[in-house]
Amino acid sequence: MGLVKYILRRLFTIFVSLIAVIIITYILMWIAPGEFFNIAQFQASAGKVATLTPEQLQVLIKGFEEKYGLNVPLWKQILNYLKDAFRFKFGPSFSNPNEPIEVQIARRFPVTLTLAILSMTLAVIVGIPLGIIAALKRNTWIDYISMFFSMIGSIIPAYTIGVIMVIIFSVYLRVLPTSGWETPKQMIMPVICVALGPMAVIARFMRSSLLDVLNQDYIRTAYSKGGTDRAVIIRHALRNSLIPIVTIIGPQLAFLFTGTVWIENLFRVPGLGQLFVNAASMRDYPLLVTSTFILSLSVMLMNLLVDIIYAFLDPRIKYE
Amino acid sequence: MEVALKQQKRRASYWSAAWGRFKKNKMAVVGLIYIIIIIIVSIFTPWIAPYPYDEPHYAHTFEKPSAKFWWGTDDLGRCMFSRNLYAMRNALLIGFGSQIVVLIIGVIIGSIAGFRGGRVDTILMRITDIMYAFPTFLFNVILVTVMGRGLFTILVAVGVTGWAGMARLVRGMVMYLKHADFVEAARALGSKEGYIIRKYILPNMLGPIIVSLAFGIPNGIWIESGLALIGMGVRPPMPSWGNMIGAGIGYIMAFPHMVIFPVLTFALTLLAFTYVGDGLRDALNPRSEV
């Protein structure tokens, strides 16, 4: 009962946040200097290069404004957009007038989702053991080395590590391709780059969480009952130290999606991040709002999912 | 008089004790020295740099490091060393500047929420939560698209999107401090609110705020470079580590020196700031564990 109510309330918050995001983005774009209608861009997309009389130009602009619904006041534009957005109908974009935005999104979304899921999986399956080893071998060189690397991973941005990896693996060793997203070989570097940041944070957190648990009284009790190292750590310590890890995965997701924006551009991965950057650099406003909308929606839904999982794992948590 | 004198003494001892703890952390001290050096270099960059950042030497394109061009040249024959110095200058400007914006917005929103409580608090914290969960980099890109790509607008864009953590921190501290025993005691003795805020609440908030700002600076620097990397940073020919890396990546197979130098200085700077942040955290919050 509590769970359903909790999910509904969170969904409502997400709904409100998304509306806020859209309104803010719309207002910002409205303030932005320059006209929406860009003659050069229009001619390029229509394949026409002709000199127009002022009257013809007026007609063109009118048609353009009608097509993109710009001929109504701002509040009505926002309202229209909101109505369509929650049915996943976004209309055409400036740069690609013949293809609805939802089709472009549908083509690119799976790419970004795959990248995000693969990276998060990698971050978890490497980060957690790394943290455990560092905690168990506390204050030995294994601990220092793994914590040094995890510090580097969490400070140096993914795109910089990406560049370093390209230098090593593509320039000197010539084992991995520098760009693309078709073969598994092309996926290796983008996935590792996006994963490194969250992996580092997870490893550090896992280490301190396990150290915390190992100092608890019930661990001493378990030892005094004659438990071996292995039994105590696996049966008592690990299970409880894993729970807090789920909480930091949530914030890492936003971080991870930010990472994909850069990495997709660095490695020319045809995902949402690339679409977003293209939209911003071409000032393609409908596409910019929509990719912001989709990216924020994904992050918020994933956060919700993480919180639900967390509540399942730790029965002490109440849905509030 | 005597009380004021005593307080002065105790405050001084807090800061000198903090400095003593900071000095013990060797990496933090090394980081601090590095940061002081690059700040001085950045102030005098126009006099130190051997060439202007936008001066092309078409006879010397893609040159490896030499006596004439210490770190080589790029695709237009511009001196990489000079460009790196200017990029560092821009990065520091945006790193520090954005944190001033964060400080102003974060402290105002956090303290209003903390002092007022009730409805105001709920509304402000909801907004903060939205900011916190939202992938702020998207917001950065939109703001820069809207406001233009100058140094100042990027600085503001980074600050305007980065205050959520600071607001939460300040709110939490205000909520705790306004009912802390020593504040209640001061109130019971008849101190005025303004005096309490100045003498008891602000000094106690200073440590955590400084730590948060210290970690915010490298964050601002890497957002700036990230924007430049995707073509949303400062306008070329003005260099930024991001656009130097972005330009170099196209020639990475043949001329890796175009990427290696910016990447190394960038990474070193971020590391230095983080080590100093770690040192400050341990020095200013002696009770903190993680």
Side-chain angles (χ1 to χ4, degrees), chain A residues 13-14 16-17 20-21 24-25 28-33 151-152 154-164 166-167 170-172 174 178 204-205 208 212 250-251 253-259 261-262 265-266 273-274 276-277 279-281 283 285 288-289 291-292 295-296 298-300 303, chain B residues 27 126-127 129-148 165 215 218-219 221-223 225-232 241-242 245-246 248-250 252-257 259-260 262-264 266-275 277-278 289-290:
Chain A
T13 316
I14 290 176
V16 174
S17 316
V21 166
I24 291 171
T25 317
L28 283 174
M29 289 181 325
W30 188 67
I31 303 171
M151 178 157 168
I152 291 206
S154 57
I155 298 163
I156 313 282
Y159 54 85
T160 309
I161 292 175
V163 172
I164 296 171
V166 170
I167 294 178
S170 304
V171 180
Y172 288 112
R174 294 175 192 279
T178 53
R204 280 182 115 175
F205 209 79
S208 63
D212 251 17
L253 283 170
F255 190 73
L256 196 118
F257 269 84
T258 313
V261 173
W262 284 309
N265 280 281
L266 192 62
Q274 206 188 33
F276 172 75
V277 171
S281 55
R283 294 184 161 240
Y285 293 121
L288 189 60
V289 189
S291 42
T292 310
L295 280 171
S296 339
S298 330
V299 171
M300 289 173 187
N303 264 327
Chain B
M27 291 310 282
R126 274 291 135 75
I127 296 172
D129 285 345
I130 292 176
M131 281 299 290
Y132 207 75
F134 186 68
T136 44
F137 185 67
L138 303 181
F139 210 16
N140 278 317
V141 172
I142 294 169
L143 278 174
V144 172
T145 315
V146 169
M147 300 195 302
F215 284 111
N219 198 37
I221 291 177
W222 75 263
I223 293 175
S225 288
L227 284 169
L229 184 80
I230 57 171
M232 290 280 139
W241 279 320
I245 293 170
I249 209 93
I252 198 167
M253 298 302 250
F255 308 106
H257 75 271
V259 160
I260 289 173
V263 162
L264 285 184
F266 180 43
L268 263 185
T269 307
L270 291 182
L271 271 178
F273 272 108
T274 309
Y275 274 119
D278 272 344
E289 290 280 322
V290 181

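Below, each value reflects all heavy atoms present in this structure, side chains not excepted, and no hydrogens, waters or symmetry copies. Residue numbering restarts at 1 for every chain, and letters A, B, ... go by the order of the sequence lines.
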- Query: Checking A/I161 against chain B: side chain, backbone, both or neither under 4.5 Å from a heavy atom?
  - Reply: neither
- Structural part of A/V21 lying under 4.5 Å from a heavy atom of chain B: side chain
- Item | Region of B/I230 in contact with chain A, defined by heavy-atom distances below 4.5 Å | both
- Note on the structure: The interface call for B/I249 against chain A, heavy-atom contacts under 4.5 Å, is side chain
- Message: To the nearest 0.5 Å, what is the distance between CD1 on A/I155 and CZ on B/F215?
- Response: 8.5 Å
- Under 4.5 Å heavy-atom distance to chain B, tell me which part of A/L288 shows up: side chain, backbone, both or neither. side chain
- So CG of B/L229 and CG of A/N265: to nearest 0.5 Å the spacing works out to 7.5 Å
- Task: Can you tell which part of A/L256 gets under 4.5 Å to a heavy atom of chain B, answering side chain, backbone, both or neither?
- Result: neither
- Turns out that what part of B/L268 lies under 4.5 Å from chain A's heavy atoms comes down to neither
- Item | B/D278 to A/M151 - nearest heavy-atom pair and separation | OD2-CE, 3.9 Å
- Query: Taking the six-membered ring for Trp, are B/F266 and A/Y159 parallel (under 30°), tilted (30 to 60°) or perpendicular (over 60°)?
  - Reply: parallel
- Expected output: side-chain A/W262 to main-chain B/G226 donor-acceptor under 3.5 Å: yes
- Query: Where on A/I14 is there a heavy atom nearer than 4.5 Å to chain B: the side chain, the backbone, both, or neither?
  - Reply: neither
- Message: At a heavy-atom distance under 4.5 Å, which candidate from A/I152, A/V16, A/V163, A/L295 has the highest pair count against chain B?
- Response: A/V163
- Locate the shortest heavy-atom distance separating B/V141 from A/A280; write the atom from each residue and the value. CG1-CB, 3.5 Å
- Message: So B/L270 and A/P157, do their side chains get closer than 4.5 Å, heavy atoms only?
- Response: yes
- Minimum side-chain heavy-atom gap A/L28-B/F139 below 4.5 Å: yes
